[in-house]
Amino acid sequence: MAEKIRVMLSEEEVDAKIQQIGEQISKDYAGKQVHLVCVLKGGSFFMCELAKRITVPVSLDFMSVSSYGSETKSSGVVKIVKDLDEPLKGKDVIVIEDIVDSGRTLSYLMEMLKDRGPASLRLCTLLDKPDRRVVDVHVDYTGFQIPDEFVVGYGLDYDQKYRNLPYIGVVELD
Ligand code: IMP
Ligand code: MG
């Protein structure tokens, strides 16, 4: 089965939005240091681009959770596959995600990270699919709200492919 990718958000649109979010975070955290927590693998492309555009001091850490297999539907099961290297105690933490879909992964993750005693904890996602929400999650920084379509690129995969696309696209099977 051949797959075609239809562009939903161009590279220019995504880059411009990341620049805006970077400027906003730099303002909001003026005089502080931010600790970015990347949710692997999807959040990695967004975090690198965002971090380059933040002008206050930045430190980084990574964690990996799984709620999806090779399917395009959430299993509702969240497992920590790789935990953070550093404690969060006293840090101004921003969790960086590729997309908030059902909200299951993030609601679980944010609660767990809150228990580690950060000075502050916020959530930043490149994409949000509000129509798909099952569990309520408060998002502090959103790149784009998108309709209920399965998207790839900029870190997002379809069966581990297409993460490297520099834009957001929709997979079309024909
Ligand atoms: P949630 O727990 O349903 O909010 O799922 C969040 C995770 O599901 C994201 O971090 C992605 O890894 C994955 N996901 C949700 N929607 C999409 C999509 O449209 N394309 C690719 N991955 C998706
Ligand atoms: Mg993800």
Side-chain angles (χ1 to χ4, degrees), residues 1-11 13-15 17-18 21 25 35-51 60-85 88 93-116 121-174:
M1 200 160 37
E3 293 155 18
K4 272 200 247 153
I5 311 291
R6 165 168 54 85
V7 177
M8 179 190 273
L9 297 162
S10 71
E11 182 171 6
E13 286 175 279
V14 176
D15 286 352
K17 185 64 79 175
I18 296 176
I21 300 174
I25 289 175
H35 189 64
L36 304 183
V37 165
C38 173
V39 184
L40 293 169
K41 302 169 186 160
S44 58
F45 288 74
F46 177 39
M47 180 168 93
C48 291
E49 293 305 314
L50 181 63
L60 308 172
D61 206 346
F62 299 85
M63 76 186 304
S64 181
V65 297
S66 75
S67 64
Y68 275 73
S70 58
E71 311 267 325
T72 53
K73 255 179 31 190
S74 176
S75 65
V77 179
V78 179
K79 191 175 83 187
I80 296 190
V81 179
K82 181 216 173 294
D83 206 342
L84 298 169
D85 291 338
L88 297 183
V93 176
I94 308 178
V95 174
I96 311 292
E97 249 292 25
D98 49 2
I99 190 164
V100 184
D101 185 34
S102 72
R104 286 193 181 99
T105 312
L106 267 303
S107 72
Y108 172 87
L109 201 64
M110 295 304 279
E111 281 308 311
M112 194 196 71
L113 298 180
K114 201 159 58 177
D115 288 344
R116 298 187 185 186
L121 180 65
R122 285 186 173 172
L123 174 59
C124 175
T125 184
L126 180 60
L127 304 174
D128 184 3
K129 281 196 229 173
D131 297 346
R132 298 254 311 164
R133 201 73 91 254
V134 175
V135 184
D136 209 28
V137 187
H138 178 75
V139 184
D140 299 282
Y141 303 98
T142 304
F144 302 91
Q145 292 202 335
I146 61 166
D148 181 10
E149 288 190 278
F150 194 81
V151 289
V152 294
Y154 236 99
L156 291 143
D157 73 301
Y158 172 66
D159 209 5
Q160 296 303 324
K161 288 184 295 185
Y162 306 120
R163 292 191 195 275
N164 58 316
L165 296 179
Y167 55 87
I168 300 293
V170 179
V171 182
E172 291 179 338
L173 305 172
D174 52 25

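Just follow the structure's listing: the first ligand is 1, and inside any ligand the first atom is 1.
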Under 4.0 Å from any heavy atom of Asp157, which atoms of ligand 1 are there? 21 (C)
Output the list of atoms in ligand 1 that are nearer than 4.0 Å to some heavy atom of Thr105, sorted by atom number. 1 (P), 2 (O), 5 (O), 6 (C)
For the CG atom on Asp136, are there more than 12 heavy atoms of other groups (residues, nucleotides or ligands in this structure) within a distance under 6.0 Å? no
Just by distance, do the side chain of Arg133 and the backbone of Asp101 share a donor-acceptor pair under 3.5 Å? yes
OG/Ser64 to CG/Leu84 distance, rounded to the nearest 0.5 angstrom? 11.0 Å
Indicate yes or no: does an N/O atom of Leu106 lie under 3.5 Å from an N/O atom of ligand 1? no
Does Glu149 have a non-hydrogen atom less than 4.0 Å from ligand 1? yes
Give the atom numbers and elements of ligand 1 that come within less than 4.0 Å of a heavy atom of Asp101. 1 (P), 3 (O), 4 (O), 5 (O), 15 (C), 16 (N)
Please identify which of these residues, Val7, Asp15, Val14, meets the side chain to side chain contact (heavy atoms under 4.5 Å, CB included) condition with Glu11. Asp15
Give the contacting part of Asp98 toward ligand 1: side chain, backbone, both or neither, where contact means a heavy-atom distance below 4.0 Å. side chain
Tell me whether the count of non-hydrogen atoms from other residues, nucleotides or ligands lying under 6.0 Å of NZ in Lys82 goes above 12. yes
Is a donor on one side and an acceptor on the other found under 3.5 Å between the side chain of Ser107 and the backbone of Gly103? yes
Give the contacting part of Glu97 toward ligand 1: side chain, backbone, both or neither, where contact means a heavy-atom distance below 4.0 Å. side chain
Hey, is Gly103 one of the residues with a heavy atom under 4.0 angstrom from ligand 1? yes
Considering only heavy atoms of Lys129, which atoms of ligand 1 have at least one such atom less than 4.0 Å away? 16 (N), 17 (C), 18 (C), 19 (O)
What part of Ile99, side chain from CB on, backbone N/CA/C/O, both or neither, has a heavy atom under 4.0 Å from ligand 1? both
Val37 backbone acceptor or donor facing Asp61 side chain under 3.5 Å: no
Please list, in number order, the atoms of ligand 1 under 4.0 Å from a heavy atom of Ser102. 1 (P), 2 (O), 3 (O), 4 (O)
Does Leu127 reach ligand 1, in the sense of a heavy atom lying below 4.0 Å from it? no
Leu156: heavy atom below 4.0 Å from ligand 1, yes or no? yes
Please confirm whether Phe150 comes within less than 3.5 Å of ligand 1 when only nitrogen or oxygen atoms on both sides are compared. no
Please round to the nearest 0.5 Å and tell me the distance separating atom CG of Leu50 and atom CD1 of Ile25. 4.5 Å
Would you call Leu127 and Leu156 a side-chain contact if the rule is heavy atoms closer than 4.5 Å? yes
